[in-house]
Amino acid sequence: QQAVAETSRTSWCYLLASSYCLCIINIDFPLFRVKSWADAFGGELYSIVTKYSGSLLLQKKYKDVEPTLKIKEVDGLELVKKFSEQMESMLRRKVEAVERLVEAAEDADLNHEYNSSLEFDYYNSLLINEKDENDNYVELGDEFILEPNEHFNNLLVNTTYSDIQLPTNVYNKDPDILNGVYMSEALNPIFVDNFERDPTLTWQYFGSSTGFFRLYPGKRAASNLDPSHFKQLVDELQAKGVGTVNKALTESFKILREFRDAGQGGLCNQAIMLITDGAVEDYEAVFEKYNWPDRKISTLADVQENVMEYLHVLSRPMVINHDHDIIWTEAYMDSALFASQAQSLLLMTTVAMPVFSKKNETRSHGILLGVVGSDVPLRELLKLAPRYKLGVHGYAFLNTNNGYILSHPDLRPLYKEGKKLKPKPNYNSVDLSEVEWEDQDEIKRVLFLTNDYFFTDISGTPFSLGVVLSRGHGEYILLGNTSVEEGLHDLLQPDLSLANEWIYCITDIDPDHRKLSQLEAVIRFLTGEEPDLECDEELVQEVLFDAVVTAPMEAYWTTLALNMSLETEAGVEMAFLGTRAGLMRSALYVGSEKLSNRKFLTRKDKESIFTMDHFPLWYRRAAEHPPGSFIYSIVSEDDAGNLSLNTRGEKKKGFSRIASNATLSPNPLLTSSKAGREQKSLERKKKIKTKSCCETPTQKAKSPLCPPWPLALSLCQGAQHLSC
């Protein structure tokens with residue numbers, strides 16, 4: 001008996017030292033003895049996490065204010081229509097900005113007389129701020145003030161002027177270039193005015209048919225662009241066989257002739273364009289039969305001249321009828337955002353319109369002067385579908401009229417090759433069915449959710465909006481009533497923070513506001529220091545309510561930290577909570593230098609904080625469990641220092657994170673972290689079908705195979721075989 005006692009004591013000590021990894025030894029213990037140890041372990045663990053998380057206090061505080069609360073049911077159809085109208089309004093402002101550019105460019109051309117001997121200096125983006133050996137600015141490279149701008153991804157830009165980019169094979173003093181650049185100088189004040197009217201605008205530009213590109217805000221162009229992506233695509237090309245172009249051209253001419261003779265189709269100009277690296281035939285017979293023999297391009301030298309001539313012909317009906325079609329591009333990626341944004345928010349779209357000559361002598365010729373456009377980051381659109389209105393598991397997504405995804409939380413357009421992030425092939429032609437998977441019975445999942453989908457079009461665009469709400473939390477929103485004075489006092493506590501990627505107040509319009517954090521902006525708005533700030537009053541009211549209810553946690557955690565016994569209770573590192581309004585509080589039980597994971601709850605660990613893209617991972621996991629339960633997340637660190645879930649029993653340095661759903665569904669999640677020296681996952685040999693594992697500690701398990709309730713939760717996390 002003494003040997004058994006000693007052995008059990010050794011096992012128990014090992015159990016605590018390895019962050020609750022169970023050590024099984026080959027001794028024939030009676031079942032009741034093993035069960036008593038497990039009960040003792042489970043009870044002790046439950047007692048520790050209850051104490052240091054403060055979950056009972058937080059539940060009591062929400063219970064105290066429950067009579068004053070209102071719970072509002074979320075109408076998904078009304079929500080998606082409201083979001084769609086706001087997005088339509090935003091995109092309409094982008095179109096209006098581009099229309100102003102079109103009008104200015106066409107008026108400037110109308111009033112400009114071509115001068116073949118024009119001499120004119122402009123800002124060449126490759127040469128700006130360049131000096132020669134005598135410390136003088138080179139030609140076309142005068143001083144051009146560049147400053148980092150957060151709105152443009154902290155790139156060095158000049159928001160007062162645009163500058164000019166030219167292909168290397170175009171002479172920068174060519175008379176056509178000089179006349180076009182001089183004429184388009186009229187766009188500078190329009191660029192600035194557009195940006196002042198709508199500070200969510202990003203890049204604006206004019207691409208001239210003569211070959212130059214005017215960009216606002218002005219920036220220095222890279223002289224050697226990274227060709228790796230193009231090289232990758234070219235390397236994957238393979239030449240196979242010979243194209244039977246003769247047959248294709250013949251069939252094309254027949255189809256166009258049939259439509260022309262029958263009066264079908266758009267009744268506009270018709271054209272066939274074949275672009276190839278070399279023709280194996282001259283197709284003379286086809287052209288003699290169906291078209292004038294000289295209406296083709298046969299050499300590279302003909303390309304620019306003839307293609308532009310054809311474009312003028314094709315655009316002639318639009319010029320005569322004053323048609324300016326609005327073009328929205330497919331999604332594409334901004335490489336400057338690779339490292340700074342969630343993958344689901346990387347994509348952009350562009351709105352563009354043609355610019356035509358309005359001169360009487362050239363109107364019948366249909367002269368295309370160029371194209372103006374502006375980029376629209378999709379993250380700006382999704383700011384109009386705030387996370388707090390969608391709930392912990394809810395989300396919004398955007399689709400094109402072709403069914404391709406513009407934005408979706410599960411869209412991953414990049415892949416990692418070594419240390420570099422690279423675009424996936426066809427990243428902008430992903431179908432909705434590729435990210436919205438149908439549930440299969442044989443697939444094991446950590447969590448099962450039932451979602452409701454709502455969708456509508458965004459008028460005036462080829463895009464549509466979808467909103468997903470999870471049943472349960474996503475169906476309701478909690479409304480509290482707190483005075484500004486009371487809430488403001490608790491907002492000023494040092495342990496409190498707000499989700500900085502959320503829009504509590506609009507801070508990117510006024511340059512003086514751009515340096516404010518969201519918490520600073522909310523405080524200035526409430527105190528009246530910044531009366532011009534535009535804030536989401538509903539969200540701010542939720543923040544005030546959560547700040548007041550959670551305020552006692554600071555004193556509770558501080559008292560525990562001051563009275564903590566290092567000998568008996570070492571290992572608990574931190575307690576923290578989060579609310580649906582994006583408010584977080586945290587307290588350290590150890591010095592910051594002793595934390596197992598110093599990135600946790602910082603911007604370096606996006607999964608642990610509230611972002612524009614998602615609620616924290618620990619929040620999402622705990623939200624669907626019963627109030628009063630604790631969810632254990634075993635996080636490990638590999639040899640490279642990367643954090644990951646340890647589910648295979650490997651010996652790694654790590655710590656466990658414990659999350660608890662405090663009370664009513666819209667209310668906070670509260671957690672604590674506990675460190676350990678090594679981690680082992682637990683694997684059950686038998687699948688337990690009973691659901692009694694998730695009963696409270698006071699209830700007895702209905703099956704002898706089911707471990708006591710607190711231990712069962714940790715077993716579920718490790719082995720994922722228990723039905724909790």
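Computed from heavy atoms alone, side chains included, the values below leave out hydrogens, waters and symmetry copies.
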Point to revise | Residue pairs, two or more places apart or on separate chains, that pass salt bridge (Lys or Arg N to Asp or Glu O under 4.0 Å) and touch residues 466-484 | key: Asp452-Arg471
Do side-chain atoms of [X] reach the backbone of [Y] as a donor and acceptor pair under 3.5 angstrom?
X      : Y      : result
Lys70  : Leu478 : no
Thr50  : Tyr46  : yes
Asp431 : Glu434 : no
Arg580 : Glu542 : no
Gln518 : Cys505 : yes
Trp557 : Ser53  : yes
Ser47  : Gly43  : no
Ser608 : Leu601 : yes

Review point. Is atom CZ of Phe455 surrounded by more than 12 heavy atoms (other residues, nucleotides or ligands) closer than 6.0 Å?
Key: no
Who pairs with [X] by side-chain hydrogen bond (donor to acceptor under 3.5 Å, both in side chains), at least two apart in sequence or on another chain?
X      : value
Glu607 : Arg620
Glu554 : none
Glu520 : Ser517

With heavy-atom distances below 4.5 Å as the criterion, would you say the side chains of [X] and [Y] are in contact?
X      : Y      : answer
Phe610 : Tyr619 : yes
Leu526 : Leu544 : yes
Glu538 : Gln541 : no

Review point. How long is the gap from CG on Leu617 to CD1 on Ile609, to the nearest 0.5 Å?
Key: 12.5 Å
**Study point:** Separation between OH of Tyr476 and CD1 of Ile71, rounded to the nearest 0.5 Å
**Key:** 8.5 Å
**Study point:** With Tyr504 via ring pair (Phe, Tyr, Trp, His ring centres under 6.0 Å) - residues at least two apart
**Key:** none
Check your understanding: Which is it for Thr611 and Asp613 under the side chain to side chain donor-acceptor pair (under 3.5 Å) test, yes or no, and what are the steps along the way?
Key -> CA-CA 5 Å; Thr611 69; Asp613 196 42; 5.3 Å; no
Revision key, fill the gap. Those residues at least two apart in sequence (or on a different chain) that pass side chain to side chain contact (heavy atoms under 4.5 Å, CB included) with Asn399 are Phe397, Ile405, Leu432, Ser464
Review point. Taking the six-membered ring for Trp, are the ring centroids of Phe576 and Trp618 within less than 6.0 Å of each other?
Key: yes
Practice item. Decide if the gap between the ring center of Tyr395 and the ring center of His408 is smaller than 6.0 angstrom. Key: yes
